[in-house]
Amino acid sequence: MYETLADSRPAAAAPLTLRAMPAYHLTTFGCQMNEHDSERMKGMLESLGYQEADSRTEADLILFNTCSIREKADERFIAHLQEAKGVKRRSPETVIGVGGCWAQSVKDEVFQRFPYVDVAFGPGQVHKLAEFLNSDSLSAQGYFEFEGFTGELPAKRARDFQGWVQISVGCNMKCSYCIVPSTRGREVSRDPQSLVDEVTRLAEDGVSEVTLLGQNVNSYGRDLPKETRITFAELLARIDAIDGIERIRYTSPHPKDMREDVILAHAQLPSLCEHIHLPLQSGSSPILKAMRRTYTRERYMDRVAMIREHVPDCGLTTDIIVGFPGETEADFEQTLEVVEEVGYDQAFTFIYSPRRETDAAELPNQVPHEVGVARMERLVEAVQRRAHERAQRFVGRSLEVLIEGESRTDPGRLRGRSRHNKVVNFNGLGSAGERVMVDITGATSQTLTGEMSLVARATG
Ligand code: 5AD
Ligand code: SF4
């Protein structure tokens with residue numbers, strides 16, 4: 001479907017320079033990587049003198065940071081883009097910018113299909129947006145070269161005490177269902193010293209919890225020159241040593257590269273949280289092979305056993321896809337068996353969605369959507385039942401909770417997260433960013449409840 005807008009394209013950058021304080025509106029879709037890129041985009045825009053607008057209609061610059069992981073992500077975004085088109089019809093000087101994975105995946109046709117888009121750029125290319133805004137360009141601009149990590153920018157963090165740090169860009173895996181290798185390019189690791197410096201600066205700025213981001217964090221460093229090359233486990237140790245960093249998280253590891261040194265780090269480094277997100281995708285080895293995951297069910301279970309051996313209390317979460325092409329009832333039952341056996345604390349479950357230019361989209365035996373939906377229902381039941389059972393291990397214990405704000409369901413209570421990444425709603429006093437001890441009195445599959453301990457503040 002091709003779309004047109006009656007007006008001819010306005011001069012893109014010029015009107016923005018006329019206003020004392022131009023305003024932007026940014027909508028983010030997708031993963032934490034995108035959330036972080038959006039923080040960098042906001043930091044960059046504010047250093048250029050833009051302020052954030054509350055709504056699209058008040059903005060001179062309407063931006064989207066997009067995702068294309070499943071068809072639903074595309075559909076959601078297109079609906080928002082239509083709304084922006086309406087704003088532009090009424091105020092033709094509005095500039096529309098689209099960044100991220102969707103933009104990258106339709107790069108050859110974006111301006112043809114969506115002529116009201118003024119600037120489009122690939123994931124992480126925040127500096128290209130700056131280049132566009134500083135140019136006098138009258139024509140639409142697209143920036144889609146893969147460049148690795150594109151420089152440190154001041155990020156406007158959503159929370160003062162939590163920071164994201166991108167340790168690598170891109171992905172060298174070739175999972176047959178996944179659009180990411182084509183939207184984010186080959187894996188490029190950032191220099192360890194510049195990562196340590198960045199985290200040190202974040203700590204000095206009040207950040208106590210960092211989340212390290214990469215498509216496959218535990219292959220970190222393999223592409224670095226010999227003189228600076230370190231492993232992911234070594235990087236974790238260096239970050240753990242930084243004063244003021246109380247919690248380290250990371251996402252996502254790949255089960256094939258999850259080695260004992262990283263698992264041991266969870267047992268040994270005081271700030272590395274007791275939580276591992278280990279994407280399973282399927283419990284059937286033939287399906288894993290067709291997905292090109294490069295591990296079998298046995299190898300995955302062996303990683304889980306190693307985690308349970310060294311860090312028995314570790315929170316374990318995962319991603320699972322149902323309805324991959326060729327998935328039989330017997331394959332799906334193997335996934336259910338793994339779910340029963342592992343007892344995940346949480347699982348993100350997806351119905352397979354064919355993506356453009358991926359090999360799986362061409363496979364025979366695509367599973368009918370109704371079959372996918374029915375499997376998903378059975379999977380969610382098993383995941384939730386096991387998560388509920390596993391969560392009972394916390395009842396009666398006192399857990400360290402980092403306060404994030406008020407409870408979403410009851411503003412009289414506080415909400416935070418345990419080191420296991422469990423949401424905890426509790427009665428108590430404290431402000432966002434503080435770590436307190438909470439006596440856990442109840443647990444569902446999703447959240448824990450409790451009372452702040454009288455011995456209160458966590459030390460660390
Ligand atoms: N269809 C369904 N789910 C997908 N994921 C990635 N690609 C697809 C797809 N084509 C899921 C995987 C991944 C998570 C981020 O999204 O489970 O781990
Ligand atoms: Fe993130 Fe993947 Fe979506 Fe890109 S396609 S934003 S990498 S989830």
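Values below: every heavy atom of this structure, side chains too, minus hydrogens, waters and symmetry copies. Numbering of ligands and ligand atoms starts at 1, following listing order. In what follows, residues are counted from 1 in the order of the sequence shown.
- Checked against a 3.5 angstrom limit, the closest N/O atoms of Arg355 and ligand 1 fall outside it.
- Put simply, the residue from Phe232, Trp164, Tyr220 that forms a ring pair (Phe, Tyr, Trp, His ring centres under 6.0 Å) with Tyr250 is Phe232.
- Close approach of ligand 2 to Val180 is summarised as follows: ligand atoms under 4.0 Å from at least one heavy atom of the residue are 2 (Fe), 5 (S), 7 (S).
- When atom types are taken as modelled, the side chain of Arg386 and the backbone of Glu340 share a donor-acceptor pair closer than 3.5 angstrom.
- The closest non-hydrogen atom to atom 7 (S) of ligand 2, taken over Arg184, Arg70, Met33, comes from Arg184.
- Counting only heavy atoms of the protein, atom 4 (Fe) of ligand 2 lies nearest to Cys101 SG, 2.2 Å.
- Under the 3.5 Å distance criterion, with hydrogens and angles disregarded, no donor-acceptor pair is assigned to the side chains of Glu187 and Gln215.
- Salt bridge annotation for Asp257-Arg222: present, with a cationic side-chain nitrogen under 4.0 angstrom from a carboxylate oxygen.
- Thr28 has its side chain out of reach of Asp37: every pair of non-hydrogen atoms, C-beta onward, lies at least 4.5 Å apart.
- Not a single N/O/S atom of Cys31, whether from backbone or side chain, sits less than 2.8 Å from atom 4 (Fe) of ligand 2.
- Between Asp240 and Arg247 there is no salt bridge, since no side-chain N of the basic residue sits under 4.0 Å from a carboxylate O of the acidic one.
- Residue Ile351 touches ligand 1 through its backbone alone, judged by heavy-atom distances below 4.0 Å.
- Ionic pairing of Asp359 and Arg292 is present here: one or more N-O contacts between side-chain nitrogen and carboxylate oxygen are shorter than 4.0 angstrom.
- At a 3.5 angstrom cut-off on N or O pairs, Asp319 counts as close to ligand 1.
- Interface atoms of ligand 2 facing Cys67, defined by a heavy-atom separation under 4.0 Å, are 3 (Fe), 5 (S), 6 (S), 8 (S).
- Ligand 2 lies nowhere less than 4.0 angstrom from a heavy atom belonging to Gln32.
- Ranking protein heavy atoms by distance to atom 7 (N) of ligand 1, first place goes to Tyr177 CD1, 3.3 Å.
- Taking the side chain as every heavy atom from C-beta outward, Arg375 and Val367 approach each other to under 4.5 Å.
- Near Gln215, with a cut-off below 4.0 Å to any heavy atom, the atoms of ligand 2 are 7 (S).
- At least one heavy atom of Ser68 sits less than 4.0 Å from an atom of ligand 2.
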